[in-house]
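The structure appears below as structure tokens.
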Number of protein chains: 4
Amino acid sequence: MPDISYRNLAESRHLRTDERLATILHAAARIMADEGYERATIRKVAASVGASIASLYYYFNSKEELLYQIQYCTFKTLLDNLDESLENVSDPDGRIRVLIRNHLDHFFRNLNELKVCSHELETLKGAYYESVKELRKTYFRTALGIVVDLLKDSGNTTLDPKLTTLNLFGMLDWIYTWYDPETGPSERKASNQITCLFLNGIRSPSR
Amino acid sequence: MPDISYRNLAESRHLRTDERLATILHAAARIMADEGYERATIRKVAASVGASIASLYYYFNSKEELLYQIQYCTFKTLLDNLDESLENVSDPDGRIRVLIRNHLDHFFRNLNELKVCSHELETLKGAYYESVKELRKTYFRTALGIVVDLLKDSGNTTLDPKLTTLNLFGMLDWIYTWYDPETGPSERKASNQITCLFLNGIRSPSR
Amino acid sequence: MPDISYRNLAESRHLRTDERLATILHAAARIMADEGYERATIRKVAASVGASIASLYYYFNSKEELLYQIQYCTFKTLLDNLDESLENVSDPDGRIRVLIRNHLDHFFRNLNELKVCSHELETLKGAYYESVKELRKTYFRTALGIVVDLLKDSGNTTLDPKLTTLNLFGMLDWIYTWYDPETGPSERKASNQITCLFLNGIRSPSR
Amino acid sequence: MPDISYRNLAESRHLRTDERLATILHAAARIMADEGYERATIRKVAASVGASIASLYYYFNSKEELLYQIQYCTFKTLLDNLDESLENVSDPDGRIRVLIRNHLDHFFRNLNELKVCSHELETLKGAYYESVKELRKTYFRTALGIVVDLLKDSGNTTLDPKLTTLNLFGMLDWIYTWYDPETGPSERKASNQITCLFLNGIRSPSR
DNA sequence: CATGAATGAGACTTCATTCAT
DNA sequence: GATGAATGAAGTCTCATTCAT
């Protein structure tokens, strides 16, 4: 039974410690994205942040908890930002644009976390798994709600809302397989392309 | 330097042996999909096909070669089938429908292989990696060619062909994260939804 | 308890089979000399003679027996030849020259066997070990007898016969570490040098 | 590419750790001498020093590095001692006596290391091999230089210096095959016998 | 005589984790 | 807060050997 002891970075007053934790989480995400959870050894994480292996255990109780913190932080932040940005937008078209922008803004800057979350959700067990699953479910439901409204507004009865939302996330999340901040298109262009393809796909029911 | 010795199942005459290899590849794909390459131990593969660990090494020289055979077979079959199906279709709309159907027909029936190929390409090194990479590049170029024609025909100058192709594969490949043969929608329905969303998205340039 | 079933090559009438056995023994000796007994796998021996692994077991019952045959043949031949050559020589000086020549003649042409016999005597267990040990003891006693006579004739009371014999074999057997049939001195020269150094060392007691 | 990280025992200040390393090297040498490198399992070494298998890997990175450390330490010490002892001796006769004494003093007390170095040089690969090879070459050249002078002084033109040096080492190194500290002659006697046999062998050219 | 296929045993090695300091 | 040293568990792979064909 894992003892979840997630440390809320924002609330803590030990800034030095929490900056260090953030550094560790980021380094771990990079290594886990590059090599997968299993191949991402604690040893490599320690080396990449210039610490001893043993000292890392001050910041997390197990390798699984390290993975949990990465995933939890990612979705917590994503969801909090989304809620805030949606507050003043009410039309479905505007809301879906906010969601897409929020998602891509976050993950273009955190491709490693995106990859880790995509690959390693089911690596978590028990309470860790449930905790992250819950956040993701909430996030998906928000998106689904917007898509439902959008299809209604377009009079589109061909597309199934749930499948359409899944396909949207397919395009959004797939970016971790191809986006390269160095050589790729601008984030803005990539973002616009997906928005455009998706909204057109929805708006005009096939005759 | 890995000595790649891919055995072409179709051409071999040692049926008994090759059927056994196919069984092993399938079992391995299932376990690797469920648990990831690293956690998918040879022991588990052996147990799942009712063989001793050592005897598996009669069929592949290393765990990496096992992964390679899974990926190579998958893309070789996919590509061969596609080439055959495209032979008698010349209009871009028909060709993209063939590609989507071919892709989904294959992977709805081989979700494990899809997941393994998606997650573990870069687990392969050296010649193994290059060999699979080459097949995938060929496959992508075929799709890209069709999308280019499609955009031209639609007079759509907004969408970038390469990004559009990547987004298409985002929707197509993402199915491994949500499709459930037991409880999900029919393959036909899921397939139609993606085709519809994509073709509409392309056809009608945003006003 | 190993069942020693040494096949006497000379007496057998299955020439084809025995030629094959000789080929195998020679190939095995080469590989064992190069890599040591443990690293010299049956697989490598099989490959080097172009046979399947299983078929080798027709010629010996175990890897240890293979090693035994190599060692037994080597010392049996060496000893038989020595006895024959010594028959007509009675003075110690002549007899020691015969022994040195016999030893070097044989081993310059069978360096691999010399190395294997030097390194792997104690790899043999039980009856195998005793059998070879017996031959070697007989061989050593013959040499020791000659050295005793030689020291007596020289009036040399400084040197201990047994130690002197051991030192002689040190020089004789050490050749496997440095003699190279391709680039080294002629066998004749190398042989003369040892004979010269040893006989002078014995003949002239230090002041 | 092995990363050779030889720890100089003498210079380190972590006495506890280095004493432990020395203990391990010694135990490993004994087992490798008794059974050969391949049969000398890490398990046996661990058991013989009362440690877990995994903990040994704190002291070396691979079994091959363990073998390397044994060989490197042996020849480094031997060579350093020789250089020191030769410093104040200039006549060839004295110098060869110093060399013989140094060699035998060291190896009578480290017969296991002598056997391991004799049998397993070529078990080392790449940088490990080159490193030890270099030391041995230096050691041999020192001996050869002395023998050259010695032969010159004796007016002996019969003997080839290189072959003579090789034969000397044959007698010196062969001791690992027969010397028994329990039942054998005194080291002093054994040492004198070799010195005597060799110097006489050289001094009096055969008529 | 020959061999394809199989297997139990056991080797080296790595890893997450702990704990005394 | 930090870390050197240690370890049980487990993984991949190789090997000698067997046996039905």
Side-chain angles (χ1 to χ4, degrees), chain A residues 14 16-17 20-21 37-46 49-67, chain B residues 14 16-18 20-21 24 37-46 49-67, chain C residues 14 16-17 20-21 37-46 49-67, chain D residues 14 16-18 20-21 24 37-46 49-67:
Chain A
H14 301 288
R16 286 283 290 285
T17 293
R20 190 128 179 79
L21 174 56
Y37 175 76
E38 287 293 327
R39 273 180 301 257
T41 66
I42 298 289
R43 191 183 308 273
K44 287 173 190 163
V45 175
V49 300
S52 73
I53 293 172
S55 73
L56 288 192
Y57 278 81
Y58 177 79
Y59 297 95
F60 49 82
N61 294 309
S62 71
K63 192 184 173 187
E64 191 183 0
E65 197 200 283
L66 173 60
L67 175 60
Chain B
H14 301 289
R16 287 285 285 284
T17 294
D18 285 346
R20 189 130 179 78
L21 174 57
I24 293 169
Y37 175 77
E38 286 293 327
R39 270 176 305 252
T41 66
I42 299 290
R43 192 186 308 274
K44 288 173 190 164
V45 176
V49 300
S52 71
I53 291 175
S55 75
L56 290 192
Y57 280 83
Y58 188 82
Y59 295 92
F60 49 82
N61 294 308
S62 69
K63 192 183 172 188
E64 190 184 0
E65 197 200 282
L66 172 59
L67 175 61
Chain C
H14 302 288
R16 287 283 289 285
T17 294
R20 190 128 178 80
L21 175 56
Y37 175 76
E38 287 293 328
R39 272 178 303 256
T41 66
I42 300 289
R43 192 183 308 271
K44 287 173 190 163
V45 176
V49 300
S52 72
I53 293 172
S55 73
L56 288 191
Y57 278 81
Y58 177 80
Y59 297 95
F60 49 82
N61 294 307
S62 70
K63 191 183 173 188
E64 190 184 0
E65 196 200 284
L66 173 59
L67 174 61
Chain D
H14 301 288
R16 287 284 286 285
T17 294
D18 285 347
R20 189 129 180 77
L21 174 57
I24 293 169
Y37 175 77
E38 287 293 328
R39 271 176 304 251
T41 65
I42 300 289
R43 192 186 309 273
K44 288 172 189 163
V45 176
V49 300
S52 71
I53 291 175
S55 76
L56 290 192
Y57 280 81
Y58 188 81
Y59 296 93
F60 49 82
N61 294 308
S62 69
K63 192 183 173 189
E64 190 184 0
E65 197 199 282
L66 172 59
L67 175 60

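Computed from heavy atoms alone, side chains included, the values below leave out hydrogens, waters and symmetry copies. Lettering of chains follows the sequences in order, A, B, ..., and the numbering in each one begins at 1.
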In whole angstrom, give the distance that lies between atom [atom1] of [X] and atom [atom2] of [N].
X: C:E65; N: F:dA16; atom1: CD; atom2: C1'; answer: 14 Å
X: C:L67; N: F:dA16; atom1: CG; atom2: P; answer: 13 Å
X: B:R39; N: F:dT12; atom1: CZ; atom2: C1'; answer: 17 Å

Partners meeting side chain to side chain donor-acceptor pair (under 3.5 Å) with [X] (sequence neighbours left out):
X: A:T41; value: none
X: C:S62; value: none
X: C:K63; value: none
X: A:R39; value: B:E38, B:T123

Point to revise | Nearest-nucleotide 5' precedence on DNA chain F, C:K44 against D:G50 | key: D:G50

Practice item. Using modelled atom types only, decide if a donor and an acceptor are shared between the side chain of B:Y37 and the backbone of B:E64 within a distance under 3.5 Å. Key: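 Confirmed, B:Y37 side chain pairs with B:E64 backbone.
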
Review point. To the nearest 0.5 Å, what is the distance between CD1 (B:I53) and NZ (B:K44)?
Key: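 These two atoms lie 12.0 Å from each other.
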
Exercise for review: Kindly express the pairing pattern of DNA chain F in dot-bracket notation, using | wherever a base pairs with another strand and counting only Watson-Crick or G-U pairs under 3.5 Å.
Suggested key: .||||||||||||||||||||

Please state whether the phosphate of [N], meaning OP1 or OP2, lies under 4.0 angstrom from any side-chain nitrogen or oxygen of [X].
X: C:S55; N: E:dA2; answer: no
X: D:R20; N: F:dA6; answer: yes
X: A:Y58; N: F:dT3; answer: no

**Study point:** C:I42/C:Y57 under side chain to side chain contact (heavy atoms under 4.5 Å, CB included): CA gap, chis, key distance, verdict
**Key:** CA-CA 10 Å; C:I42 300 289; C:Y57 278 81; 4.0 Å; yes

Revision key, fill the gap. Going 5' to 3' through nucleotides 16-21 of chain E and flagging B where a protein heavy-atom sits under 4.0 Å of the base, S where only the sugar-phosphate is that close, and - otherwise, we get SBBB--

Review point. Please walk me through it: do A:L66 and A:N61 pass side chain to side chain contact (heavy atoms under 4.5 Å, CB included)?
Key: CA-CA 8 Å; A:L66 173 60; A:N61 294 309; over 6 Å; no

